[in-house]
Every structure is written in structure tokens, then in C-alpha cells.
Number of protein chains: 2
Amino acid sequence: MTKENTMTIREMCDAYDVTPRTLRFYEAKELLQPVRQGTKRLFTKRDRARLKLILRGKRFGFSLEEIRQLLALYDLGDSQATQIRKTREIAAKHLNGMIAQRDELTSAIEELRDQLGWADRILADMDQVEAAQ
Amino acid sequence: MTKENTMTIREMCDAYDVTPRTLRFYEAKELLQPVRQGTKRLFTKRDRARLKLILRGKRFGFSLEEIRQLLALYDLGDSQATQIRKTREIAAKHLNGMIAQRDELTSAIEELRDQLGWADRILADMDQVEAAQ
DNA sequence: AGCAAAGTTTACGTGCACGTAAATGTGACG
DNA sequence: CGTCACATTTACGTGCACGTAAACTTTGCT
């Protein structure tokens, strides 16, 4: 990490467990904007913050395009009221979807737990039979 | 719906909001096993139960291959102990992943709520300025 | 100066989950 | 018997998120 607080592509890859291809791809999709030192990319603190959000968004099943929208939320500072309102809507929509998804996930977890309990009971019975032989 | 309690491909599409292509694709991937009446597919109650699980699995971001594994959970009846154990492992692994995903989702929801609160406060301030003019 | 390591662009390849088009078959109805 | 809606198979196409290979420049070190 240089004194300007930037990181090379390899340092980024090691730090966040992604490939160079991925970082260049995200730049092409305008999710990251590393500065150039000659021909090389230098990733700033801002790029790192955005990458963290990208990776988390991906874990939630958001597409890169959706993530691009969400990232705009973090750049609201210089926006106009209408722009803020529009972006707010998108975020609220995502929020509702996420809450719904969490609820479904919760019930699915319950069901899976039941399944596991069932499997465990079957296995316990089988062990009994084995032990009796 | 015929008296045998089966449905045609179109009835299935209407009932579950999927395309014929999707149902044939799932059959090719061995997720569904509709019976044939001549050349036509007839989807049974079992197929419908499995389709519901497929669609829910997809909402959780599971791949069709992962879903195929999960579906095996519901067919445990005639399996052997080792098979049950193997399947149990897969389910447990999924369960841990789902719980982790739900936890992440929960914290992401909190953060998004904060963001929305922030946007709302900015918008409120802007309304104040507008009203004062 | 020279060489290897690491970076760059360009561009074709891949896996997944279907979409879409073409050609053909089938069955109920007037 | 015709035809018309709906079904089927076969096979190529698509969008996404990168992987991978080739050819090249730049940088760090001896």
C-alpha cells in the first residue's frame, strides 16, 4: 500500500479474494474507478469501500446492474432532490424484497431443520438396529 | 385438470407462471418426471410439489443442480443409511449457508434502513427550504 | 543493460437457465 | 376431411459474470 493510500490490482485481489479480471470487469461496468499511474490501475479507499458493497450485494443475489443502482445511494451528496427521491424508491423496493426474502429464508430454514430432524431420527433407529445385531 | 389429478403443460404454466420451455428444461435436468399420454406430458401431484420446491429454491439463489440435491431430501424413503447420511450433510451445509445468508441479509437490511433514513432527512430538509421560499 | 514478474488490452470461451425459431405431430371440432 | 390450436423435438441464440489465452508494455532488481 503506497503512501497515497491506494492499492495495486494484486493487493486488491489478495485483500478481497477476487481476480484481476473481476476488478477490470467491474471497472468496465463502471462500478469502480481506479486512477491510473501511467498504464496501471491504483485503487483508492473509495474503490475499496465500493468493492465491499459489490461483494456483499452479490451475496444477496443482486445483479451487477442492481448493485450499480445501489452504489448510487452512496454518492447522493451531489444529487438533486428528484434524483434522491428516485434512488430512494429503488432502495425501498430492494428493502422490501430483502425483507420478504429473509422471511422466506426463515421459513425455509425451519422446514430444513425439520427435515434434518427426521433424517437424524431415521439414522438413530438404524444405529439401534445395527447395535442390536 | 383430468380426473387422474394430472395437469397438462399449459395448465402447469398458468398455475405456476412458468413457460413450457422451463418445464421441459426441468424434465431434461431430471427435476420433474411427468408421465406421457401418447406424446404429451402429464404432470402429477408429485411434479407440482417438486415444482413448488424448485421455485422456492430458486428464490433463495440455489442452482438447479443444488435444488436437485435438495429434492433428493424429499425422496429419502427408500434410501440406504449411507445415502441418507450423505444427503443429510448436503442439507446441513445448505442450512448453515442459509442461516449465514439470513444474518447477512438482516444486517444489510439495517444498513439500508439507515440509508433510507438519511435520504429521508435530506429530503425533509429540502422540503423545508422549498416551503420557506 | 537485461531479464523476470506483474500489468495491460483484445478477444474468444464457458456455465447456467432458459428464449426462440423451425419443422413436425396430434387431437378435438364443425 | 380439413384446419386450427396446442403439443413435441431439435437446435441455435441470449444475458450475465466472469475465465482464459495471446501478444504486448512497464517495472523492479541485479
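Letters A, B, ... mirror the listed sequences (proteins, then strands); counts begin at 1.
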remark   = Given protein heavy atoms under 4.0 Å, the one-letter contact record of nucleotides 15-20 of chain C, with B base, S sugar-phosphate only and - none, is simply --BBBB
request  = For B:Lys52, enumerate each residue passing the side chain to side chain contact (heavy atoms under 4.5 Å, CB included) test, keeping only those at least two apart in sequence or located in another chain.
outcome  = B:Tyr16
request  = Could I get the full list of ring pair (Phe, Tyr, Trp, His ring centres under 6.0 Å) partners for B:Tyr26, not counting sequence neighbours?
outcome  = none
query = Considering residues at least two apart in sequence or located in another chain, which fulfil the side chain to side chain contact (heavy atoms under 4.5 Å, CB included) criterion with B:Lys40?
reply = none
ask   = With A:Arg46, which residues qualify under side chain to side chain contact (heavy atoms under 4.5 Å, CB included), at least two apart?
value = A:Gln33, A:Thr44, A:Arg50, A:Asp75
inquiry  = Please enumerate all residues that pass side chain to side chain contact (heavy atoms under 4.5 Å, CB included) together with A:Arg21, with sequence neighbours excluded.
reply    = A:Thr19, A:Phe25
remark   = By side-chain hydrogen bond (donor to acceptor under 3.5 Å, both in side chains), A:Glu110 pairs with (sequence neighbours left out) none
query = More than 12 foreign heavy atoms under 6.0 Å from CD of B:Glu30: is that the case here?
reply = no
request  = Could you pull out all residues at least two apart from B:Arg24 that satisfy side-chain hydrogen bond (donor to acceptor under 3.5 Å, both in side chains)?
outcome  = none
Partners meeting side-chain hydrogen bond (donor to acceptor under 3.5 Å, both in side chains) with A:Asp125 (sequence neighbours left out) = none
ask   = Per the end-axis method with five pairs at each terminus, what is the bend angle of the helix from C:dA1-D:dT30 to C:dG30-D:dC1, to 10°?
value = 10°
key: Partner residues of A:Glu27 under the side-chain hydrogen bond (donor to acceptor under 3.5 Å, both in side chains) criterion, sequence neighbours left out   = A:Arg36, A:Arg41
What are the atom names and distances for every N/O pair under 3.5 Å that joins the protein to nucleotides 5-7 of chain D?
{"unit_1": "D:dA7", "atom_1": "OP2", "unit_2": "B:Arg10", "atom_2": "NE", "d": "3.4"}

